Amino acid sequence: MNDMTVRTPWHLWVVGVLAVLWNSIGAFDYVMTMYGGMDYLRQAGMSDAFVAAFERMPMWMSVAWPVAVWSAVLGSVLLLLRSRWAFVSFVVSLIVYIANLVHNYGMSELGSLGGTVGLVIASIITISLIFLIWYSRMMTKRGVLR
């Protein structure tokens, strides 16, 4: 297989572009929260109780959140660059995101304050990361990602 060139399947571009767009939403939310602060959260429709709980997040969550967000963005870009490191980046993102969920739903009231919409969004994010892990692994095994 050393002398063979593996063609990039059309679906890699579709998945990669959609992944960049989807994960850019998380990056936008992170940046706006960091620069807009609690005013941004209130403008996004968060309750005062949610904002107060958000302000009480432990320091490790202030580190975990950007790692999860930017690992997903990086993985999406690496997927478009056909790098096998996309898989690792998506795995890191999922592991850290799960830690975020454990905090939000098990160690604080953020999960319950987010309501049904928050739970649906968390589920969609988790499913999309699992899909991107599977997809990048499959593309690596096929020799598309190198």
Side-chain angles (χ1 to χ4, degrees), residues 6 8-146:
V6 177
T8 306
W10 64 269
H11 49 80
L12 181 116
W13 304 115
V14 173
V15 171
V17 167
L18 290 175
V20 166
L21 293 173
W22 169 249
N23 289 309
S24 293
I25 295 169
F28 175 80
D29 184 56
Y30 175 76
V31 169
M32 290 304 295
T33 302
M34 290 299 102
Y35 291 104
M38 301 309 109
D39 290 335
Y40 167 73
L41 292 176
R42 285 186 185 92
Q43 289 173 357
M46 302 302 167
S47 68
D48 287 337
F50 183 92
V51 171
F54 187 86
E55 287 179 315
R56 290 189 303 271
M57 276 193 322
M59 179 57 92
W60 69 268
M61 279 290 291
S62 298
V63 173
W65 182 25
V67 169
V69 167
W70 296 109
S71 293
V73 171
L74 177 62
S76 303
V77 171
L78 290 172
L79 188 63
L80 288 173
L81 293 174
R82 293 182 52 191
S83 170
R84 70 178 184 271
W85 291 101
F87 170 79
V88 173
S89 192
F90 290 133
V91 168
V92 167
S93 182
L94 180 62
I95 290 168
V96 177
Y97 186 67
I98 288 171
N100 286 331
L101 292 178
V102 167
H103 172 268
N104 292 348
Y105 288 91
M107 300 168 62
S108 80
E109 66 271 37
L110 280 171
S112 62
L113 292 171
T116 304
V117 172
L119 185 59
V120 169
I121 291 170
S123 299
I124 292 169
I125 292 169
T126 303
I127 291 166
S128 69
L129 284 170
I130 291 169
F131 169 77
L132 290 168
I133 289 169
W134 169 81
Y135 184 80
S136 59
R137 182 69 178 150
M138 183 181 66
M139 290 295 100
T140 300
K141 284 184 176 182
R142 291 185 181 176
V144 175
L145 304 183
R146 14 179 210 348

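Quick note: numbers below take in every heavy atom, side chains included, and nothing from hydrogens, waters or symmetry partners. For clarity, every value in this text was computed on a predicted model and none was experimentally measured.
- Taking both residues in full, the closest heavy atoms of Ala72 and Leu129 are given as CB-CD2, 4.2 Å, listed atom of the first, atom of the second, then distance.
- When all heavy atoms are compared, the tightest approach of Ala64 to Val96 is O-CG1, 3.0 Å.
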inquiry  = I'd like to know whether Tyr135 forms a side chain to side chain contact (heavy atoms under 4.5 Å, CB included) with His11, so could you lay out the CA-CA distance, the side-chain angles of the two residues, the decisive distance to 0.1 Å, and finally the verdict.
reply    = CA-CA 10 Å; Tyr135 184 80; His11 49 80; 2.6 Å; yes

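- Below 30°, between 30° and 60°, or above 60°: for Trp134 and Phe131 the angle between ring planes is between 30° and 60°, a tilted geometry.
- Here the straight-line distance linking atom CG of Leu74 with atom OG of Ser83 works out to 8.5 Å at 0.5 Å rounding.
- Taking the side chain as every heavy atom from C-beta outward, Trp70 and Val73 approach each other to under 4.5 Å.
- For Trp22, the CH2 atom is densely surrounded, since the number of other residues' heavy atoms within 6.0 Å is greater than 12.
- Shown here for Ala68 and Tyr97, the closest heavy-atom pair between the two residues is CB-N, 3.9 Å.
- Residues Asn23 and Val69 are not in side-chain contact: their nearest non-hydrogen atoms beyond the backbone lie 4.5 Å or more apart.
- Counting heavy atoms from C-beta on, the side chains of Met61 and Ser108 never come closer than 4.5 Å.
- From Asn100, atom CG reaches atom CE of Met107 across 11.0 Å, with rounding to the nearest 0.5 Å.
- Between Met57 and Leu110, some side-chain heavy-atom pair lies under the 4.5 Å cut-off.
- The shortest non-hydrogen separation linking Leu79 to Ala86 is N-CB, 3.7 Å.
- At a threshold of 4.5 Å between non-hydrogen side-chain atoms, the residues Leu78 and Phe87 do not count as touching.
- To the nearest 0.5 Å, atoms CZ (Arg142) and CG (Leu12) are separated by 11.0 Å.
- Taking OH from Tyr30 and OH from Tyr35, the interatomic distance works out to 8.0 Å, rounded to the nearest 0.5 Å.
- Arg82 and Thr8 get closest at one heavy-atom pair: NH1-OG1, 2.6 Å.
- Partners of Asp48 according to the salt bridge (Lys or Arg N to Asp or Glu O under 4.0 Å) rule, which considers only residues two or more places apart in sequence or in another chain, are Arg42.
- Atom CZ of residue Arg84 and atom OG1 of residue Thr140 lie 8.0 Å apart, to the nearest 0.5 angstrom.
- Of all heavy-atom pairs spanning Ser93 and Ser71, the tightest one is CB-CB, 3.7 Å.
- Annotation: side chain of Leu132 is in contact with side chain of Val15 (closest heavy-atom distance under 4.5 Å).
- At least one side-chain heavy atom of Asp29 sits under 4.5 Å from a side-chain heavy atom of Trp65.
- Side-chain contact between Phe28 and Ile25 is absent, with no heavy atoms from C-beta onward closer than 4.5 Å.
- Atom-to-atom distance recorded for Leu119:CG and Ile124:CD1 is 10.0 Å, nearest 0.5 angstrom.
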